[in-house]
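Here is the structure we will look at.
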Amino acid sequence: MNPTAPTRASAPRPAWPRAGAVLAALFVVLSAGCEPTAVAGPTIPSQAPEKAIMRIECFGRYQVTVPAGSVFSIPTVTLPNVEFRAQRDAAATVEAFQGKLKAFAQQLGSTAHSTEKSLLHRVEALGPDAAVIVFRESAAATELFEIQGWRWLAPGVEYIAAGAATTAEVAADTPLFAQAAQSLRFRAPGTAPAAPGLCLQDAWIPGGAHRRESVSARLTLADQGVTITLATELPVPKTRDDQLLARWTAAKRVSAPLPKFEELRNGNRMLDGRPAEELVLLASNDRGVPTLDAKLEAYGDRTPQRPTLRISMTVEHLDAAPGGAVKQPLSRKAALALWDSLTQSVRQRAGAF
C-alpha cells in the first residue's frame, strides 16, 4: 500500500555484525545555492593503466572524489524522526506528481479499516509540488499512523519524507513532515551547495546541524565489479570491542574454520584528519569468486560536526581475465589504488555548517 517502507524513521546502518557466521564475519563484519564540482583527478591504474577523469560528489555534509564513470546514489538521509527517500519512479512533470498523489489517496480512501472509515486519515496539499498524507498502514493497524511529506523538485526528482506517529502524536507531528518536505531544494547533478546544508540525491536541505543526521551513500563501478558504501552517523561504538579491528579479532576466534584469506592491511590510518581503523582482506566469497573486501572506520563524538564515518569497498573477480563476469576486472594493485584515492578524498565540505 505504502510506496515506502513504513517504520518510525531510524538511522540506516550498514551491516557490521560481530563474530558469527564465518563468511559474514569475513566479508561483512568487516541548483540555487549550488556550485559545479567536476574535477580532473589522479591516475587510477587498471589492467591497462590510463588517466581517469574524476568528479566530486557530496553526501550529507561530506564530499568524496569518485571516478567519472561511476554511479553514485544516496538512498537514505535521516534527520530526527524523519527519513528522506528519493523515489525511483519519480514523476516527469508536476501534473504527473499530482496524479500519483491523487491515485494513492484514492486507494487509501477506498480501503476499509477495522475501526475507521478507511485507511486514509488526512491529505493536505501544500502547493502544486508538495503535500502531506497521513494514513494507517493496514486494516489492523491501530497504534501508529504513517505520515508522508511528498515533494516534487524537478523532472525525475521526487522525495517522500516519511515517519510514524502514535494517535496522540499525529496532530502535532504532521506539520513537521510538511515542513520537512517543503525544506527540500533541487540540486543539479555534479553540484554541491555553496551554503550550509545537507546533500541528498539530486537535492539538499539548507541550514545548520540537526541533533541527529545519518546519511548512507553508494558508489558502483559495474564494469569493474566494484561496490562502495559511505555512511555518516552519530552513534559511536560503546566499547573498544565494538570497533572494527576488535570485531575482526573476535571473528577469527570462532570455532568454525575460516576460509583461506590474506590480510593486506590491518591497522590504523587517518580519515579526514581523524584516527581511523582499516581492514583489507583478500579471499574468495561464498561463490568462490576472488574478492577484495576493505573497510575503514573513524569514530565520532556524537555531534553532527564529528560523526562516525564508515566506508567499505568490495571488488569481485579480482585479477580475472577481461570480458568474463566483469568486463574490466581490476588487479590487486588497481583495487588498492582506487581505495586509497577514494578514502583520502573524503572530507567535510567547506561551509557545510
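Every heavy atom of this structure was used, including side-chain atoms; hydrogens, water molecules and symmetry mates were not. Only a predicted model underlies this, so the values are computations on that prediction, with no experimental measurement involved. For the single chain, residues carry numbers from 1 onward in sequence order.
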Set out, in order, the CA-CA distance, both residues' side-chain angles and the distance that settles side-chain contact (heavy atoms from CB on, under 4.5 Å) for Thr166 and Val170, then state yes or no.
CA-CA 6 Å; Thr166 65; Val170 68; over 6 Å; no
Would you say the side chain of Ser312 lies within less than 4.5 Å of the side chain of Ile228, judging by non-hydrogen atoms?
no
Rounded to the nearest 0.5 Å, how far apart are CG of Leu184 and CH2 of Trp204?
11.0 Å
Would you mind checking if Arg332 and Glu262 are paired as a salt bridge, meaning a charged N to carboxylate O distance below 4.0 Å?
yes
Could you tell me which residues satisfy side chain to side chain contact (heavy atoms under 4.5 Å, CB included) with Pro75, sequence neighbours excluded, listed by chain and number?
Ser73
Who pairs with Asp89 by salt bridge (charged side-chain N to carboxylate O under 4.0 Å, His left out), at least two apart in sequence or on another chain?
Lys100
Counting only N and O atoms by type, is there a donor-acceptor contact under 3.5 Å from the side chain of Thr174 to the main-chain atoms of Ala171?
no
Please report the interatomic distance OG(Ser216) to CD(Glu233), rounded to the nearest 0.5 Å.
9.5 Å
With sequence neighbours left out, write down each residue that passes side chain to side chain donor-acceptor pair (under 3.5 Å) with Ser110, or none if nothing qualifies.
none
CD on Gln344 to CG on Leu296, rounded to 0.5 Å:
10.0 Å
Using atom types as modelled and distance alone, determine if a side-chain donor or acceptor of Thr111 lies under 3.5 Å from a backbone N or O of Leu119.
no
Verify same cluster id: Leu336, Val326 (apolar side-chain graph, 4.5 Å)
no
Return the minimal non-hydrogen interatomic distance between Ser70 and Pro67, and the atom names on each side.
OG-O, 2.6 Å
Using salt bridge (charged side-chain N to carboxylate O under 4.0 Å, His left out), reason through Arg247 and Glu297 one step at a time and then give a plain yes or no.
CA-CA 12 Å; Arg247 299 199 310 270; Glu297 296 184 0; 2.8 Å; yes
Does the Arg349 side chain pair with the main chain of Pro193, one donor and one acceptor, at a distance under 3.5 Å?
yes
Within the 4.5 Å heavy-atom criterion, are Ile53 and Arg55 side-chain neighbours or not?
no
Glu143: salt bridge (charged side-chain N to carboxylate O under 4.0 Å, His left out) partners, not counting sequence neighbours
none
Who pairs with Ser118 by side chain to side chain contact (heavy atoms under 4.5 Å, CB included), at least two apart in sequence or on another chain?
Leu120
Sub-4.5 Å side-chain heavy-atom contact between Ile311 and Leu342
yes
Just so I know, are the side chains of Val64 and Leu219 near enough to count as touching, which here means a heavy-atom distance under 4.5 Å?
no
Partner residues of Arg211 under the side chain to side chain contact (heavy atoms under 4.5 Å, CB included) criterion, sequence neighbours left out:
Pro80, Asn81
Is it the case that over 12 heavy atoms from other parts of the model lie below 6.0 angstrom from the CD atom of Gln179?
no
In terms of hydrophobic clusters joined by side-chain contacts under 4.5 Å, are Leu271 and Leu234 together?
no
Not counting sequence neighbours, which residues clear salt bridge (charged side-chain N to carboxylate O under 4.0 Å, His left out) with Glu116? List them please.
Arg136
Measure the OH-SG distance between Tyr62 and Cys199 for me, rounded to the nearest 0.5 Å.
13.0 Å
Decide side chain to side chain donor-acceptor pair (under 3.5 Å) for Thr227 and Thr314; before the verdict, give the C-alpha distance in whole Å, the side-chain angles of both, and the deciding distance to 0.1 Å.
CA-CA 5 Å; Thr227 301; Thr314 300; over 6 Å; no
Any side-chain heavy atom of Arg85 sitting closer than 4.5 Å to one from Tyr159?
no
Listed pairs under 3.5 Å, donor-acceptor, residues 121-131 side chains, sequence neighbours left out:
unit_1: Arg122; atom_1: NH2; unit_2: Glu124; atom_2: OE1; d: 2.4

Could you tell me if the side chain of Phe97 sits less than 4.5 Å from the side chain of Glu158, heavy atoms only?
yes
Val215 versus Thr76: any side-chain heavy-atom pair under 4.5 Å?
no
Using a 3.5 Å cut-off and no angle test, enumerate the donor-acceptor pairs between side-chain atoms of residues 274-282 and protein atoms at least two apart in sequence or in another chain.
unit_1: Arg274; atom_1: NH1; unit_2: Tyr299; atom_2: O; d: 3.3
unit_1: Arg274; atom_1: NH1; unit_2: Pro307; atom_2: O; d: 2.9
unit_1: Arg274; atom_1: NH2; unit_2: Pro307; atom_2: O; d: 2.7
unit_1: Glu277; atom_1: OE1; unit_2: Leu244; atom_2: N; d: 3.3
unit_1: Glu277; atom_1: OE1; unit_2: Leu245; atom_2: N; d: 2.9
unit_1: Glu278; atom_1: OE2; unit_2: Arg265; atom_2: NH1; d: 3.2
unit_1: Glu278; atom_1: OE2; unit_2: Arg269; atom_2: NH1; d: 3.1
unit_1: Glu278; atom_1: OE2; unit_2: Trp339; atom_2: NE1; d: 2.8

Between Arg310 and Thr308, does a side-chain contact (heavy atoms from CB on, under 4.5 Å) hold up when you go through it step by step?
CA-CA 7 Å; Arg310 301 180 191 269; Thr308 292; 4.0 Å; yes
By side chain to side chain donor-acceptor pair (under 3.5 Å), which residues pair with Thr303, not counting sequence neighbours?
Asp301
Of the non-hydrogen atoms in Ala162 and Glu146, which two are nearest, and what is the gap between them?
CB-OE2, 3.9 Å
Is the ring centre of Phe84 less than 6.0 Å from the ring centre of Trp150?
no
Listed by chain and number, what are the side chain to side chain donor-acceptor pair (under 3.5 Å) partners of Glu213, not counting sequence neighbours?
Arg61, His210
Should Ile147 and Val82 count as side-chain neighbours, where that means a heavy-atom distance under 4.5 Å?
no
Rounded to the nearest 0.5 Å, what's the gap from CG on Leu318 to CG on Asp293? Could you check?
11.5 Å
Closest non-hydrogen atom pair between Ala335 and Leu330, with its separation:
CA-CD1, 4.1 Å
To the nearest 0.5 Å, what is the distance between CE on Met270 and OG1 on Thr343?
12.5 Å
Ser183 side chain to Ala181 backbone, donor-acceptor under 3.5 Å
no
Please report the C-alpha distance between Phe261 and Lys252 in whole Å, then the side-chain angles of each, then the deciding distance to 0.1 Å, and finally whether the side-chain contact (heavy atoms from CB on, under 4.5 Å) criterion is met.
CA-CA 11 Å; Phe261 65 89; Lys252 291 189 290 185; 4.0 Å; yes
Return yes if some donor-acceptor pair links the side-chain N/O of Thr220 with the main-chain N/O of Ala222 below 3.5 Å, else return no.
no
Using every non-hydrogen atom in the two residues, find where Ser331 and Asp319 come nearest and quote the distance to one decimal.
CA-OD1, 3.1 Å
Smallest separation among heavy atoms of Phe104 and Gln148, with atom names:
CE2-OE1, 4.0 Å
Between Gln63 and Ile56, what is the shortest heavy-atom contact and its length?
CB-CG2, 4.0 Å
Residues in side chain to side chain donor-acceptor pair (under 3.5 Å) with Asn266, at least two apart?
Glu263
Pair Phe353-Gln348, side-chain contact (heavy atoms from CB on, under 4.5 Å): steps then yes or no
CA-CA 10 Å; Phe353 293 97; Gln348 197 169 97; 3.4 Å; yes
